[in-house]
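Here the structure comes first, spelled out in structure tokens, and everything after it is commentary.
Residue numbers start at 1 and run along the sequence shown. Each ligand, and each atom within it, is numbered from 1 in the order the structure gives.
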Amino acid sequence: MSKILLLGSGELGKEFTIAAQRIGQTVIAVDSYENAPAMQVAHGFEVINMLDGEALDRIVAKHQPDFIVPEIEAIRTERFYDYEKQGYTVVPSAKAANFTMNRKAIRDLAAKELGLKTANYRYATSSEQLHKAVEEIGIPCVVKPLMSSSGKGQSTIKSPEDIEKAWNYAVEGSRGDVVEVIVEAFVKFNSEITLLTITQNNNPTLFCAPIGHRQERGDYQESWQPARISDKDLFEAQDMAEKVTEALGGAGLFGVEFFLADDGVYFSELSPRPHDTGMVTLAGTQNFNEFELHLRAILSLPIFEIKLEKAGASAVILASENSSNPTYEGIEKIAGLAKTDFRIFGKPTTRPYRRMAVALTNDSLDTPIEEVIERAKNAAQLVTVK
Ligand SMILES: Nc1ncnc2c1ncn2[C@@H]1O[C@H](COP(=O)(O)OP(=O)(O)OP(=O)(O)O)[C@@H](O)[C@H]1O
Ligand SMILES: NCC(=O)N[C@@H]1O[C@H](COP(=O)([O-])[O-])[C@@H](O)[C@H]1O
Ligand SMILES: [Mg+2]
């Protein structure tokens with residue numbers, strides 16, 4: 001049996017840990033605060049600042065894990081290359097974790113090295129450079145810190161007056177020590193998808209049915225599976241996903257994000273780990289959920305097939321204010337609904353817009369997906385977090 005050091009212990013890590021526990025693996029859950037969701041179900045835990053390389057070195061040496069599994073981006077990922085040299089397995093690979101924590105590394109790899117279609121983009125390290133970059137890219141455009149996730153520090157420039165604001169907002173929302181932003185042309189997409197892509201050690205790459213999602217404030221609100229997509233677009237997205245995951249290396253599940261526009265498919269970014277929008281697979285849409293697939297790929301266990309069994313949707317349940325010791329009202333209402341389920345993550349504190357729980361619905365594959373999404377949204381609205 002293997003020992004897994006899980007770096008990041010939120011809702012995604014919690015489901016991954018439960019999947020690992022079910023097949024007898026040992027998980028040590030790590031995060032920056034005590035009582036994080038995955039810690040509540042793991043064999044052991046560590047509370048450290050994961051951006052602190054020495055703290056990371058210390059717990060890796062202490063636990064000597066068979067697998068180091070990043071669950072968030074904000075980790076001193078440069079250390080991962082050393083761990084690989086020392087013989088540790090980083091999931092999916094040191095390169096995958098390191099490249100995706102910085103938008104510049106992954107975007108240059110995708111657009112320049114691999115030639116994938118992306119939005120036009122520039123970088124800027126000062127507000128003067130941002131003005132120039134916006135002039136070149138054109139308005140509207142999207143500004144994001146190089147190091148951030150879940151929409152933090154991200155804004156859309158709709159007129160020249162927004163540029164200064166966008167710069168300040170990005171610097172404030174930036175994690176880590178890099179003061180640099182990416183400016184991307186605004187893609188007028190018709191929809192966006194996450195393509196869960198599973199790379200395996202001794203077997204070919206597999207894809208899940210595409211997941212559609214809707215974002216607000218750079219964070220997902222609802223996701224559904226399967227997403228509506230033409231065969232041509234799906235084939236293109238799979239081809240791009242295969243190229244980028246192969247370049248990053250290793251075995252595991254990736255969430256590859258695409259925009260579907262009139263002029264084709266745009267690669268946006270990817271997570272080298274289970275994706276938040278992939279929580280829809282907890283609704284029983286597939287024979288294996290995304291956490292089980294990640295685990296199987298990591299452990300080199302065969303995946304006989306990935307079968308889409310139901311249409312499903314997830315809708316987030318957010319907190320609205322700051323509190324500790326959160327309570328949940330409306331659980332009995334959501335519990336009473338047909339073909340509906342929910343997960344409460346068990347986060348010890350709330351803040352405005354913090355994702356605390358998720359509503360899940362499913363139905364037969366011939367049900368219009370809009371109906372399934374609507375039910376998930378209505379279900380989520382029944383629960384309030386105080
Ligand atoms: N160039 C763009 N054109 C149009 N919309 C965009 C563009 N870039 C981002 N968005 C919108 O903002 C959302 C979040 O962007 P992105 O995925 O790059 O941010 P993130 O902070 O990495 O989010 P997460 O970590 O949750 O994936 C996208 O899903 C999309 O809805
Ligand atoms: N888009 C990335 C994502 O969804 N990550 C998930 O959110 C947690 C952090 O939540 P928190 O900010 O509420 O602590 C992470 O640990 C991970 O599970
Ligand atoms: Mg994203």
Reference residue Asp57; test side-chain hydrogen bond (donor to acceptor under 3.5 Å, both in side chains); the match among Lys62, Arg76, Arg79: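 Considering Lys62, Arg76, Arg79, a side-chain hydrogen bond (donor to acceptor under 3.5 Å, both in side chains) with Asp57 is found only for Arg79.
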
Given Asp363, Asn362, Thr361, the one that forms side-chain hydrogen bond (donor to acceptor under 3.5 Å, both in side chains) with Lys339: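 Output: one option passes, namely Asp363.
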
Shortest non-hydrogen contact between Asn201 and Ser300, atoms and distance: ND2-OG, 2.7 Å

Atom indices of ligand 2 within 4.0 angstrom of Ser150 heavy atoms, with elements: 1 (N), 2 (C)

For Ile72, the ligand 2 atoms whose distance to one of its heavy atoms is below 4.0 Å: 15 (C), 16 (O)

Gly8 heavy atom under 4.0 Å from ligand 2: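 In this structure, Gly8 fails to qualify as a contact of ligand 2 - no heavy atom is under 4.0 Å.
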
Identity of the nearest option to atom 14 (O) of ligand 2, non-hydrogen atoms only, from Lys347, Arg354, Arg355: Arg354

Angle in degrees, rounded to 10°, that OE2 of Glu257 and OE2 of Glu269 form at the Mg ion (ligand 3):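 Computed angle, vertex at the Mg ion (ligand 3), rounded to 10 degrees: 80°.
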
Proximal protein residues to ligand 1, non-hydrogen atoms under 4.0 angstrom: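 Close residues (ligand 1, cut-off 4.0 Å): Arg103, Val142, Lys144, Ser149, Ser150, Gly151, Gln154, Glu184, Ala185, Phe186, Val187, Phe189, Glu192, Gln215, Gly218, Glu257, Phe259, Glu269.
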
Residue from Glu73, Glu15, Glu71 passing salt bridge (Lys or Arg N to Asp or Glu O under 4.0 Å) with Arg273: Glu73

Counting heavy atoms only, which part of [X] comes closer than 4.0 Å to ligand 2: side chain, backbone, both or neither?
X: Glu11; value: both
X: His275; value: neither
X: Leu12; value: both
X: Arg351; value: side chain

N/O separation below 3.5 Å, Asp31 to ligand 2: no

Nitrogen or oxygen of Glu71 less than 3.5 angstrom from that of ligand 2: yes

